Amino acid sequence: MSLNTIKIVPFQRILLTWFRHNQRSLPWRGQTDWYPVFLSEFLLQQTRVQQALPYYEKFISAYPDITALAAADEDDILAMWTGLGYYARARNLLKAARQITGRFNGHFPHTYKEALSLPGIGPYTATAVLSIAYNQPYPVIDGNVIRVLSRIFMISEDTRLTSTRKTIEQLANQLIDKQQPGHFNEALMELGAIICTPRRPNCSSCPVYSFCRAGQSKQAESFPVRSRPPEKRKLNHFVFLIRQNGAILLARRPATGLLAGMWEFPYAATDNLDSAPAELPGLLQKTYGIKGKFRSVSPVLQHIYSHIRLRYRAVLIDDAAGKFKNKFYDKFVWKPLTEMDNLRLHTAHAKAWNWLIEQ
DNA sequence: AAACCGGGGTC
DNA sequence: GACCCAGGTTT
């Protein structure tokens, strides 16, 4: 892909001018400290601004600087992250904060290599913090940049391919304004977020329409070209809501894998959710070694993950008896029902809990 | 290179 | 439903 057909300096000037006048006011913008940039970029990985905003406010309030964050308790970080997804980010955020105070004297490192060495910091976050907070001339490549550049240059190759990513990276490297790399990067991402959107891009309001091959060809929405993702894995669960003496049983998932370290209701996998009631006591006995009084079963609920389609029924059980045993979870707790208000479950089991309280 | 890892907005 | 989002890590 060649840049011969686009004049770089006018492109930079027009984009930066547009950004100066049209950027959203966001709490991590316009500050001299790197910490708000660092914190926000963790929250924004695969997450839209509007979804991350309330979490940013909670975190910046509870942990206003790197010292406070590094001193935080992992359980508190995980609890504050609940509902945002990709929970490894929360653990990595804390690990990175501790390494910054330990290895880097409390300052985000100034080299790409050192930034990449931090947990949870990949190519995107490293270049984002270095360019936005330190004004270093690294181009950022995120979903917005891929979309915008694939339209401007009408890139027909599959953007899931590494080779296509390299093409886009080279283009971004040549386009970036080395005087204002941070503003340039933010401007390109902002353009993707509010003008050059995935569906129905607002080409008539686009400041760089005159540079855009796909836009001028009325084909913007046909880009980027992206192959279909693999089909979702299918899971079926019975989720046990087990009550006893005014409390309900919760279990903590292992520290790795899906929903690592999150609290939830114990569950059992099943082949079919339909043959429910008769099989349930045996399933509970086999999986957790206990018996109980089966009160009711919810309709089939569904939760969609990026790579899993989970269908499940909540099962309400009273008066559990027997010795609990299970290899999967690392911890159990009987949570008083009066304290469930301020406990945040991962979203699938929050739906199960909502079914119960709406009974 | 491919698989794994959430949740929510939007059409 | 399908798509995609200010991606990173592991295999």
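So you know, we letter chains A, B, ... as the sequences are listed, proteins then strands, and number each from 1. Just so it is clear, the model here is predicted, and its values are computed rather than measured.
Between Tyr267(A) and His237(A), the two ring planes are parallel [angle under 30°; tilted spans 30° to 60°]. Ring pair Tyr288(A)/Phe324(A) is tilted by interplanar angle, where 30° to 60° counts as tilted.
Distances shown here put a side-chain N or O of Tyr87(A) below 4.0 Å from the OP1 or OP2 atom of dG7(B). When the side-chain nitrogen and oxygen atoms of Gln46(A) are compared with OP1 and OP2 of dG7(C), one or more of them lie within a distance under 4.0 Å. Between Arg309(A) and dG6(B) there is no side-chain polar atom (N or O) within less than 4.0 angstrom of OP1 or OP2. Considering only side-chain N and O atoms, His307(A) lies nowhere under 4.0 angstrom from the phosphate OP1 or OP2 of dC4(B). Between His303(A) and the phosphate of dG6(B), there is no side-chain N or O to OP1/OP2 separation shorter than 4.0 Å.
Contacts between residues 184-193 of chain A and DNA chain C, defined by a heavy-atom separation below 4.0 Å, involve Met189(A), Glu190(A), listed by number. Residues from residues 117-135 of chain A lying near DNA chain C, meaning a heavy-atom separation below 4.0 Å, are Leu118(A), Pro119(A), Gly120(A), Ile121(A), Gly122(A), Pro123(A), Tyr124(A), Thr125(A) in numerical order.
At a threshold of 4.0 angstrom between heavy atoms, the contacts of Leu258(A) are confined to the sugar-phosphate backbone, with no base atom among them. Within 4.0 Å of Ser306(A), counting heavy atoms only, lies at least one base atom of the nucleic acid. Residue Arg160(A) is classed as having no contact, given no heavy-atom separation below 4.0 Å to the nucleic acid. The residue Thr162(A) sits close only to the backbone: its heavy atoms come under 4.0 Å of sugar-phosphate atoms, none of a base. Across all strands shown, Leu259(A) has heavy atoms under 4.0 Å from sugar-phosphate atoms exclusively, and none from any base.
When distances run from any side-chain atom of Arg226(A) to the nucleotides dC4(C), dT10(B), dG7(B), the shortest one goes to dC4(C). Closest to the Gln45(A) side chain, of the nucleotides dC3(C), dG1(C), dG7(C), is dG7(C). The side chain of Arg199(A) approaches dG9(B) more closely than any other nucleotide in the set dC5(B), dA6(C), dG9(B).
In this structure, Ile304(A) atom CD1 and dC5(C) atom P are separated by 19 Å, rounded to whole Å. Nucleotide dC3(C) holds its C1' atom 15 Å from the CD1 atom of Ile146(A), rounded to whole Å. We find that CZ of Phe42(A) is positioned 9 Å from P of dG8(C), with the value rounded to whole Å. If you measure from atom CD of Glu221(A) to atom P of dC3(C), you get 13 Å, rounded to the nearest angstrom. Between the CD atom of Glu41(A) and the C1' atom of dC5(C) there is a distance of 13 Å, rounded to whole Å. In this entry the distance linking CH2 of Trp81(A) with C1' of dG8(C) reads 12 Å, nearest Å. Per the geometry, CG belonging to Leu53(A) stands 13 Å off P belonging to dG9(B), to the nearest Å. Note: CZ (Arg233(A)) to P (dG6(B)) measures 11 Å, nearest angstrom.
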> Yes or no on side-chain hydrogen bond (donor to acceptor under 3.5 Å, both in side chains) for Tyr112(A) and Gln136(A), after CA distance, side-chain angles and deciding distance?
Replying inline: CA-CA 10 Å; Tyr112(A) 181 70; Gln136(A) 293 192 27; over 6 Å; no

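Within a 6.0 Å sphere centred on NZ of Lys291(A), other residues, nucleotides and ligands contribute 12 heavy atoms or fewer.
With hydrophobic clusters built from ILVMFWY side chains whose heavy atoms lie under 4.5 angstrom apart, Phe332(A) shares a cluster with Met340(A).
Taking the C1' atom of each, dC4(C) and dC5(B) are spaced 16 Å apart, rounded to whole Å. Look at the P atom in both dT11(C) and dG6(B): the space between them is 15 Å, to the nearest Å. dG9(B) and dG8(C) have their P atoms separated by 23 Å, given to the nearest Å. Separation of the P atoms belonging to dT9(C) and dG8(B) is 24 Å when rounded to the nearest angstrom.
At least one side-chain heavy atom of Trp355(A) sits under 4.5 Å from a side-chain heavy atom of Pro299(A). Contact check for Leu175(A) versus Pro139(A): no side-chain heavy atoms found under the 4.5 Å cut-off.
Both Thr256(A) and Arg200(A) lie close to DNA chain B; mapped to their nearest nucleotides by heavy-atom distance, the more 5′-ward contact belongs to Thr256(A). Between Gln50(A) and Ala260(A), it is Ala260(A) whose nearest contact on DNA chain B lies nearer the 5' terminus.
For dG6(B), the base has a donor-acceptor partner in the side chain of Thr47(A) [N/O atoms by modelled type, under 3.5 angstrom].
Checked against the 6.0 Å centroid threshold, Phe104(A) and Phe108(A) do not count as a close aromatic pair. Between His110(A) and Tyr134(A), the ring center distance clears the sub-6.0 Å criterion.
In this structure a side-chain-to-backbone donor-acceptor pair under 3.5 Å is present from Arg29(A) to Arg24(A).
Between the side chains of Arg103(A) and Ser117(A), at least one donor N or O sits under 3.5 Å from an acceptor N or O. A side-chain donor from one of Arg147(A) and Asn144(A) sits under 3.5 Å from a side-chain acceptor of the other.
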